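Below is one structure, written out as structure tokens; comments come after it.
Remember, it's a predicted structure, so these values are computed and weren't measured experimentally. Index from 1, following the sequence.
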Amino acid sequence: MIRVTVEVYGCAANHDDGRLVRELLRREGFEIVEDAENADVVVLLTCIVRDSVDARMVNKMCELERVPTVVAGCFPEAYPERARKLRPDAALVGPRHLDRVPEAVRAVLRGDRVEFLGERDDLDWKADAPRELPNLAAIVPIAEGCPNKCAYCAVKLARGNLRSFPPERILRRVRRELERGAVEIHLTAQDTATYGLDRGTNVVDLLEDVVDLCSRYGARVRLGMFNPGHAYPIADDLADLFASRDDVLYRSIHMPVQSGDNEVLRRMNRNYTVEEALEVYRAFERRLGYFSFITDVIVGFPGETEEAFRNTLEFLERTRPHILHASRFCRRPGTQAARFEDQVPEDVKLRRSRILHSKRLEWAEEANRELIGETVEVTMVMERWGRDEHAKKTVFRGEVPEPGERLECRIVGASHARLVAEV
């Protein structure tokens, strides 16, 4: 039997793609193995979100130059010429064509070179195609691509424009995961707030149906990241749903603001203002009180002045995120921002990122310590830890509940990274 290993890098959508590819290969008669040393073929599901990740992908392709390889995912779709130059012998498969990975594996074993890249019309197959058995927390993509045109984003080059999956297919997929034992459903997309813009519906309608279904199985729902611009028109409806169904929906939102300065946001091609992003935050704050706020910031975007950086700090001080992902701007080939002339010096980026790193630890620990002494509901999504009702990682002092359990616990300790609970 031909042995294949599938190595996955990057976002939640990529990890779901990995489950999809493994199951497709199994059904085609291949044996899935854990590492490249024991494999006849390696399938790489690549990521390109940052320079450091890009470099890792390049190194990995070069490391495997003597092994038949299928380079799949975002890298070959966004940068096909680079992929061909790095690995002229490899098969290339883009994110929309992962159902052809088994064909690509057979081709590289024969010594043939094939490419499956570009747009395709029949993308709905991906919504509810079979995946390998889930963990207790199942990732469920609701769309491919997005309508945004952010100046810095290389993922747009790979994932393309928005293609919302049919709601009935998403619900079929969710039901299948629940029937196989999932206790958490993580709905994900490049921007979940854009769901349905191409179908005449919206994410609130979909989320209501998913919540109703998950409530029958006693499962939790986590909504993946959404950008403020598309969340702003539906913020009240979305916050109302979170408040009314917090027995199912985690009290947590992931809203990447990227900058707290309106001029920087304009140059980023973000479709909102700082004031609109703050109003989305306030909509959830008014209805939920304490909730977990996760955001992302890009430090040192071209043209970011000291005043612009202070404006970002001011926004973050006002919202005090529980989790802050702060990354230094990197020039991704093929993006508009890579061509901007007013690049910020690396030493300035480093200084600003260090300030945010220090602040993010302070805000995270402060937010987590507020819960000490409180009783919260924890869902055990892994063998040794779970998530509380705000989706915070929770470990246990003393007796550890069984995986899959959902129970009330008392918070007895906290750090910036996790809560400590007792049953």
**Prompt:** Which heavy-atom pair separates Arg169 from Ala127 by the least distance, and what is that distance?
**Reply:** CB-CB, 3.9 Å
**Request:** Grab the two heavy atoms, one from Ala154 and one from Arg332, that are nearest each other, plus how far apart they are.
**Result:** CB-CB, 3.9 Å
**Message:** Between Arg87 and Glu65, does any NZ, NE, NH1 or NH2 come within less than 4.0 Å of an OD or OE carboxylate oxygen?
**Reply:** no
**Asked** Is Arg110 salt-bridged to Asp89, going by a charged N under 4.0 Å from an acidic O?
**Response** no
**Fill in**
Rounded to the nearest 0.5 Å, the NE2 atom of His230 sits from the OG1 atom of Thr192 at a distance of 11.0 Å
**Asked** When you check the gap from the basic side-chain N to the acidic O, do Asp296 and Arg360 get nearer than 4.0 Å?
**Response** no
**Request:** Can you see which heavy atom on Leu98 is nearest to which on Pro102, and at what distance?
**Result:** O-CD, 4.3 Å
**Prompt:** Do the numbers put Arg267 on top of the ring of Phe340, so that NZ or CZ is under 6.0 Å from the six-membered ring centre and no more than 45° off the axis?
**Reply:** yes
**Request:** Return yes if some donor-acceptor pair links the side-chain N/O of Arg270 with the main-chain N/O of Asn262 below 3.5 Å, else return no.
**Result:** no
**Message:** Closer than 4.0 angstrom, basic N to acidic O: yes or no for Arg131 and Glu177?
**Reply:** no
**Prompt:** Would you find a donor on one side and an acceptor on the other, under 3.5 Å apart, between the side chain of Thr69 and the backbone of Ala90?
**Reply:** no
**Prompt:** So, does Arg3 use its side chain to make a donor-acceptor pair with the main chain of Asn38 at under 3.5 Å?
**Reply:** yes
**Request:** Hey, can you tell me if Phe291 and Phe284 have their rings parallel, tilted or perpendicular (30° and 60° cut-offs)?
**Result:** tilted
**Asked** Stepwise, does the side chain to side chain donor-acceptor pair (under 3.5 Å) test hold for Lys392 with Asn368?
**Response** CA-CA 9 Å; Lys392 294 175 182 286; Asn368 288 349; 2.7 Å; yes
**Prompt:** What distance do His97 atom NE2 and Glu77 atom CD have between them, rounded to the nearest 0.5 Å?
**Reply:** 6.0 Å
**Backbone N/O of Arg172 and side chain of Asp128: donor-acceptor pair under 3.5 Å** = no
**Request:** Go through Trp363 and Thr319 one step at a time and tell me if the side chain to side chain contact (heavy atoms under 4.5 Å, CB included) criterion holds.
**Result:** CA-CA 10 Å; Trp363 293 327; Thr319 56; over 6 Å; no
**Message:** Could you check, using the six-membered ring where one of them is a Trp, whether Tyr290 and His322 have ring centers closer than 6.0 angstrom?
**Reply:** yes
**Request:** Spell out, as yes or no, whether a donor-acceptor pair under 3.5 Å connects the side chain of Thr379 to the backbone of Val381.
**Result:** no
**Asked** Between Ile170 and Leu206, is any pair of side-chain heavy atoms under 4.5 Å apart?
**Response** yes
**Message:** Just verifying a value: how many Å separate Arg245 CZ and Cys214 SG, rounded to the nearest 0.5 Å?
**Reply:** 10.0 Å
**Item:** Gap between atom CD of Glu389 and atom CG of Asp246 - 0.5 Å precision
**Value:** 7.5 Å
**Request:** Quick one: do Arg369 and Glu366 satisfy salt bridge (charged side-chain N to carboxylate O under 4.0 Å, His left out)? Show the steps, please.
**Result:** CA-CA 5 Å; Arg369 291 188 65 81; Glu366 174 188 274; over 6 Å; no
**Item:** Exam field: side chain Asn269 to backbone Lys149, donor-acceptor pair closer than 3.5 Å
**Value:** yes
**Request:** Taking Arg113 for its side chain and Pro88 for its backbone only, find out whether a donor-acceptor pair lies under 3.5 Å.
**Result:** yes
**Request:** May I ask you to say whether Arg410 pairs ionically with Glu374, meaning some side-chain N is under 4.0 Å from a carboxylate O?
**Result:** no
**Prompt:** Run the ring-ring contact (aromatic ring centres under 6.0 Å, His included) check on His15 and His186 step by step: do they pass?
**Reply:** CA-CA 12 Å; His15 283 272; His186 179 189; over 10 Å; no
**Prompt:** Does a side chain donor of either Glu7 or Tyr9 reach within less than 3.5 Å of an acceptor in the other side chain?
**Reply:** yes
**Prompt:** Distance-only, no hydrogens or angles: does the Arg251 side chain make a donor-acceptor pair with backbone N or O of Leu288 under 3.5 Å?
**Reply:** yes
**Complete:** For Leu207 and Leu187 the tightest heavy-atom approach is CD1-CD1, 3.7 Å
**Prompt:** Any Lys/Arg nitrogen of Arg331 or Asp51 sitting under 4.0 Å from an Asp/Glu carboxylate oxygen of the other?
**Reply:** no
**Check: Glu362 main-chain N/O paired with Glu365 side-chain donor or acceptor under 3.5 Å** = no
**Asked** Yes or no on side chain to side chain contact (heavy atoms under 4.5 Å, CB included) for Ser252 and Ile294, after CA distance, side-chain angles and deciding distance?
**Response** CA-CA 8 Å; Ser252 173; Ile294 306 166; 3.8 Å; yes
**Asked** What's the shortest heavy-atom distance between Val203 and Ile234, and which atoms?
**Response** CG1-CD1, 3.7 Å
**Request:** Given ring-ring contact (aromatic ring centres under 6.0 Å, His included), test Tyr232 with Tyr272 step by step and report yes or no.
**Result:** CA-CA 8 Å; Tyr232 180 70; Tyr272 55 87; 9.6 Å; no
**Item:** is_close_aromatic(Tyr152, Phe329), centroid dist under 6.0 Å
**Value:** no
**Message:** Could you check whether Arg176 pairs with Glu179 (Lys NZ or Arg NE/NH1/NH2 to Asp/Glu carboxylate O, under 4.0 Å)?
**Reply:** no
**Complete:** Value for OG1 (Thr46) from CZ (Arg56), rounded to nearest 0.5 Å, stands at 12.0 Å
**Asked** Does a salt bridge link Arg282 with Glu279, judged by any charged N lying under 4.0 Å from a carboxylate O?
**Response** no
**Prompt:** Can a salt bridge be assigned to the pair Asp99 and Arg120 using a cut-off of 4.0 Å between side-chain N and carboxylate O?
**Reply:** yes
**Message:** Within the structure provided, determine whether Phe242 and Val248 are in side-chain contact (heavy-atom separation under 4.5 Å).
**Reply:** no
**Stepwise side chain to side chain contact (heavy atoms under 4.5 Å, CB included) check, Leu223 with His254** = CA-CA 8 Å; Leu223 183 64; His254 183 182; over 6 Å; no
**Asked** Say you draw a straight line from CD1 of Ile298 to CZ of Arg352; how long is it, rounded to the nearest 0.5 Å?
**Response** 13.5 Å
**Message:** Is the terminal nitrogen or CZ of Arg318 (NZ for Lys, CZ for Arg) located under 6.0 angstrom from the six-membered ring centre of Phe315 and within 45° of that ring's axis?
**Reply:** no
**Asked** Is Glu144 salt-bridged to Arg96, cutoff N-O under 4.0 Å?
**Response** no
**Prompt:** Would Asp35 and Thr5 count as a side chain to side chain donor-acceptor pair (under 3.5 Å) if you check the C-alpha gap in whole Å, the side-chain angles of each, and the deciding distance to 0.1 Å?
**Reply:** CA-CA 6 Å; Asp35 54 73; Thr5 190; over 6 Å; no
**Message:** Can you tell whether the side chains of Arg106 and Glu28 come within less than 4.0 Å, N to carboxylate O?
**Reply:** yes
**Prompt:** Looking only at atom types and distance, does a side-chain atom of Arg22 sit under 3.5 Å from a main-chain N or O of Val6, one as donor and one as acceptor?
**Reply:** yes
